[in-house]
Amino acid sequence: MLRTDPTTAHYPVDPARLDLAREFRAAPKGPHGPELRKLVHRFRWSGIGGRWCLITVEAGARWMLALLPDIRGEEIRTFPDTTFTSLEDAEWHVFRIRWKAHTGQDLPEDFSDTDA
Amino acid sequence: MIDSTKVVGYASPWSVAPGDTVRFHLSSEVLDRAQARIVRIRCADSDRNGPGKKVEHVLSPLDGEIALTDCPTYNGSWGRVPPSPTLRGLKEFSLGLWLFPTRVTGADQSVMARFDAATGHGWRLFLDSTGRLAFQVAADGESTTLTTAEPVCIREWIFVSASFSAPGGRLVLATESLAPDGGRAKAETLEVEMRVPALWPDDLALSFAACLSGQPDGPETVQHFNGKIDRPRLHATALAPAAIRALVETAHPAIGDPDLLGAWDFSQDIPGDRIVDLSAHALHGHVHRLPMRGVTGANWDGTRRSWTEAPAQYGAIHFHDDDIDDAAWPVAAEWTVPEGTRSGFYTLEASADHDGIRTESHMIFFVRPPRGTTTAKVCVIAPTATYLAYANNRSRIDQTHFEVMADGLMVFAPDDIYGQKHREYGSSVYDTHMDDSGVCYSSAHRPILNGRPSNYTFNYVNDTHLLDWLEEQDIAYDVVTDEDLHREGAGLLAPYPVVLTMTHPEYTSKQMLDGLQAYQNGGGRHMYLGGNGFYWRIAFHPTRPGIIELRRGITGLRSWEAEAGEDCLSFTGEPSGLWRSVGRAPQRLTGVGFSAQVFDRSTFYRRLPDSDLPRASFVMEGVDPDERIGDFGLRMGGAAGLEIDRADPDLGTSPDAMILATADRTGPGGIPAPEELPALYRGFSGEESSISRADIVLTPTARGGAVFSVGSIAWCCSLSHNGYDNNVSRITGNVLRRFLDPEPV
Ligand SMILES: [Fe+2]
């Protein structure tokens, strides 16, 4: 039987590597350097911090945040108050949630104002 | 935002000619009426970055309001033996079978029964909510149940017997594992006395993998079982477990025994729906909702891999509580296609305003030219086998890897949210059943939320970009479907100078492949304008239209893997899996075959020296030697992407093939298909290796025929770039015009 196992992603997340978060902020849709690719892989594959996704509101123009279920067959939760007009903004929003879930630390919403 | 879930339904059949009638089965949870009209689809993609949605209203008597009801959909395959005097008169009996349970569901699962769930009368062998085997006899106000102490092992064969004897009123239940392995070997025998009922229920069918609901409205059956049942037996006396086991072990029990009431041989009529009783009592029956047949029995020994070679080892049926073959909704409307109707992609559009939101749903079908004639020089094959294969694909929701594959957040449509609430519509052959076994059948006779004009673009919506381009170029075309080609063969294509296959003709029956090959070798010109084509071997149901079967085999880019010994199709006995595995890799047909997935970003092609060959020079006319081809497009910015194909003489690319261009810089997201790797090593991604690439190939065939292939799903979604003035459009046009010229290529 073939399966994809969410627990197999195990690249360590280093809370001190704010440079990687900054690299992601600068180009949420990539391309990313090798180190950031591994971090993002851990975030996306593991589902830790939530299996976030988007729902199209207007094709190619607006998207709503949604959460896939951890248990197969259960409902997809939607967040109609959280919409994005760019996929980059959506990526950054979810990246911050996952960063917090993995490191316990908040990322500032806008890195351009900080110099951590 | 336009909603597309307030009305759902399906058209049948999918393929109709003028004079034929297409029927629409519709349901709505919230609306009792909607506006209906027939539309011809030109572009089904509402993305504002592209040509936008374009449909043409076709006047019909359906224009206007249509009445809707809320139709339920029931799941779960099962076997039914009709009520008979033989079953009714039983005072004592025993039963036995091999059982391979695959899921504990938290509810009862009936394995073999004559039981009415509403009254609670009859007898049933079942798995209880915790996975313990149980045998219940209930009649005449009395009910006694024996339950094993331990739950069954999932995915292990066990022998099960049960008996009820009249004189003393004794109930016996015995189980024993087939495997003697430590940890798996389990055996229990339980007995209890009970009062003999004076009155048995009368007209109850005998059922396998479910029991009768007893409800006049609602589903006919409940308590559906997940797993395999092999060689069930029913005997008119209370035999000891060892005697029952002897009956169950043999494939050919002594039919002279008048007390042997039923000895079912599920290895008979594997392609069909009959279940055959070997006993003298002829208690034959039928299976319903397409349980998986042609599966290994408890006696399968690994010496054969096909039910055609060793039928006696394939006497099991795999039932699932989520199987579906036909939602069987009532017909809400129908349309007899008038003479003179243009061939094309059509839908019934049902629309309404609900709570201030516009709802618009499409039930797809295809109008072919009048039978025996053509109305254009170009024939487009609608890849309906692929639409069926992907129908209600839930794997992006159920599995974990898609966000990584796409290198970005997954984007779903509102249809996906609705579909998740309606798992009863069934899933695709990409999915697994809730018991983790692969879904091998897909039917058009149920609501399909993704293969229609909607925000889910893969396949159907992408394909309409080719239609849009043909309309824009004023090129007349006929449409036929995969299933038309399957059932009618090469003669369907022969009258056309040019045949187009679309963005993703991935699923192919032998008849379809033979038809295309004969067409090409008979002087036909085939433009394959997609990727990952002609990859999996499927079959259409031998008699019922609109149903396909696939076994994913043991190689290929497979979302599930066939169980050991179960890679042959139940519909035909053919080995399923990859065409490559049976000596007919796609390269043999089109010059290119599946090499890689690139779901993160698409790329462009660059010309290769073959494009200057005199025989091929027409293809690149108007394209500069160093020009990037398809460095743009609606699918992640390039014409080479999503799923891509490469040439390979080892796999069948013709010695005469000309490789005109290649897109080999697919980056870190260009990941080769598993069958492309002879060993595991670093450096196989498109960043470091050109194994992940799309090749544009022109191949002259026999009798002046030719095949032109682009090897990329994204190609057609680049056609409309810059007002259709771009090199992808130019190349496609160059080839199509040349292919329409009868001068041999
Ligand atoms: Fe595919």
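Note on naming: letters A, B, ... go to the chains in the order of the sequence lines (proteins, then strands), and numbering restarts at 1 for each one.
Considering all non-hydrogen atoms of both residues, B/Gln420 and A/Pro69 come closest at NE2-CG, 3.7 Å. The nearest pair of heavy atoms linking A/Ile55 to B/Ile417 is CD1-CD1, 3.5 Å.
Contacts of B/Thr432 with chain A are made by both backbone and side-chain atoms, with heavy-atom separations under 4.5 Å. The contact between B/Asn49 and chain A is made entirely by side chain atoms (from C-beta outward), counting heavy-atom distances below 4.5 Å. In this structure, chain A has no heavy atom under 4.5 Å from any part of B/Arg394. For a residue to count as touching a neighbouring chain, one of its non-hydrogen atoms must lie under 4.5 Å from one of that chain's; by this rule B/Arg48 touches chain A with backbone and side chain alike. Residue B/Arg601 touches chain A through its side chain alone, counting heavy-atom pairs closer than 4.5 Å.
A donor-acceptor contact shorter than 3.5 Å links the side chain of A/Glu91 to the backbone of B/Leu409.
For the pair B/Asp407/A/Pro31, no side-chain contact is recorded, criterion being any heavy-atom separation below 4.5 Å from C-beta on.
The NE2 atom of A/His41 sits 11.0 Å away from atom CD of B/Glu403, with the distance rounded to the nearest 0.5 Å. Rounding to the nearest 0.5 Å places OG1 of A/Thr4 at 5.5 Å from NE2 of B/His401.
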Side chain to side chain contact (heavy atoms under 4.5 Å, CB included) between A/Leu2 and B/Gln399, intermediate numbers included: CA-CA 11 Å; A/Leu2 292 172; B/Gln399 297 177 27; over 6 Å; no
Intermediate values then yes/no, side chain to side chain contact (heavy atoms under 4.5 Å, CB included), B/Met636 and A/Lys29: CA-CA 11 Å; B/Met636 295 169 312; A/Lys29 296 297 290 175; over 6 Å; no
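Along residues 42-51 of chain A, the residues that come nearer than 4.5 angstrom to chain B, judged on non-hydrogen atoms, are A/Arg44, A/Trp45, A/Arg51 in order of number.
By number of non-hydrogen pairs under 4.5 angstrom with chain A, the leading residue of B/Asp416, B/Asp45, B/Asp47 is B/Asp47. Options A/Arg77, A/Met1, A/His32, A/Arg62 differ in how many heavy-atom pairs under 4.5 Å they form with chain B, and the most are formed by A/Met1.
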